[in-house]
Trainee: 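Before I ask anything, here is the structure I am working with.
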Amino acid sequence: MMLIDTHCHLYVDEFEKDRQQVMERAVAQGVERFYLPAIDSTVLNDILQMEKDFPGKCFAMMGLHPCSVKDNYAAELLLVEQQLSARRFAALGETGLDFYWDKTFIPQQYDAFKRQIMWAKEYGIPVVIHSRQSTQECIDLIKELYDERLTGIFHCFGGSLEEARQISELGFYMGIGGVVTYKNSGLAAVIEQLPLDNIVLETDAPYLTPAPFRGKRNESAYLSFVAQKIADIKKMRIEEVADLTTSNADKVFKFSS
Ligand SMILES: [Zn+2]
Ligand SMILES: [Zn+2]
């Protein structure tokens, strides 16, 4: 069984002491590739270091997270642009809109998101979207800027069935993680109604730990609990969920081994 963690922050300090073991535990559970979303300039070196330390397993993204869009966001975007022109990244991300934490910089978040969508098109790489309490707004912006070069993932998808259908119609994917195991999330009911054609798996480690480990640090080995939960909801075998979501991840990241 092969799984792909399409979104994990394994480069952060929470993994400082046992990063090697975290990787080994994940590989033992069948997780073969790890996509590392950028946040801002402070994490760039750590992401690139992980990619060097785990070649063919860890893949760097480049982008500016909406929660890092502050007064200095123009300088941050300049760095993103420089990096994109210097080498190839697996994706543009994470970018998007976050209406949950801080509403001060929403116009700037829009500006940063739009510019990053343009770069994703220009460089022919998928865009990884953070859409906390802003799923429909992110969908609307993708529709507005859509052309056939554009694809990507609504990571940590938590929207409605109607929003899921719009995302699928755009040829985009939804990243499903630990939230699907939370009893009151409502996500299981959406997944039940949704074909797996546009679903990929993610942990968002160290955040959003699935049951039965909710509250502890998340790590990529726990991706199997997410896959098992989806298998239970869809009354499928976990191997089937693994095959489908892995092939979706290959498509969106245009991965060829
Ligand atoms: Zn995010
Ligand atoms: Zn993230």
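Atoms within each ligand, like the ligands themselves, are counted from 1 in listed order. Hydrogens, waters and symmetry mates play no part in the numbers below; they use all other heavy atoms, side chains included.
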Trainee: Only N/O/S atoms count here: what is the atom of E94 closest to the Zn ion (ligand 2) called?
Mentor: OE2

Trainee: Between F213 and F225, does the ring centre distance come in under 6.0 Å?
Mentor: yes

Trainee: Using a 6.0 Å distance limit plus a 45 degree cone around the ring axis, check whether R214 lies over the aromatic ring of Y182.
Mentor: yes

Trainee: Taking all non-hydrogen atoms of both residues, which atom of V226 and which atom of G178 are closest, and how far apart?
Mentor: CG2-N, 3.8 Å

Trainee: What is the NE2(H7)-the Zn ion (ligand 2)-NE2(H9) angle, to the nearest 10 degrees?
Mentor: 110°

Trainee: Do any of the N/O/S atoms of C8, backbone or side chain, fall under 2.8 Å from the Zn ion (ligand 2)?
Mentor: no

Trainee: Looking only at N, O or S atoms in D204, which is nearest to the Zn ion (ligand 2)?
Mentor: OD1

Trainee: Within the stated cut-off of 2.8 Å, is an N/O/S atom of H155 closer than that to the Zn ion (ligand 1)?
Mentor: yes

Trainee: Of all the N, O or S atoms in H130, which has the shortest distance to the Zn ion (ligand 1)?
Mentor: ND1

Trainee: Would you check if the Zn ion (ligand 1) lies under 2.8 Å from any N, O or S atom of D98?
Mentor: no

Trainee: Strictly under 6.0 Å, is that where the ring centroids of H155 and F157 end up?
Mentor: no

Trainee: Does NZ or CZ of R33 fall inside the cone over F255's six-membered ring, less than 6.0 Å from its centre and within 45° of the axis?
Mentor: yes

Trainee: Between F253 and Y35 (judged by ring centroids, cut-off 6.0 Å), do the two rings come close enough to count as a pair?
Mentor: yes

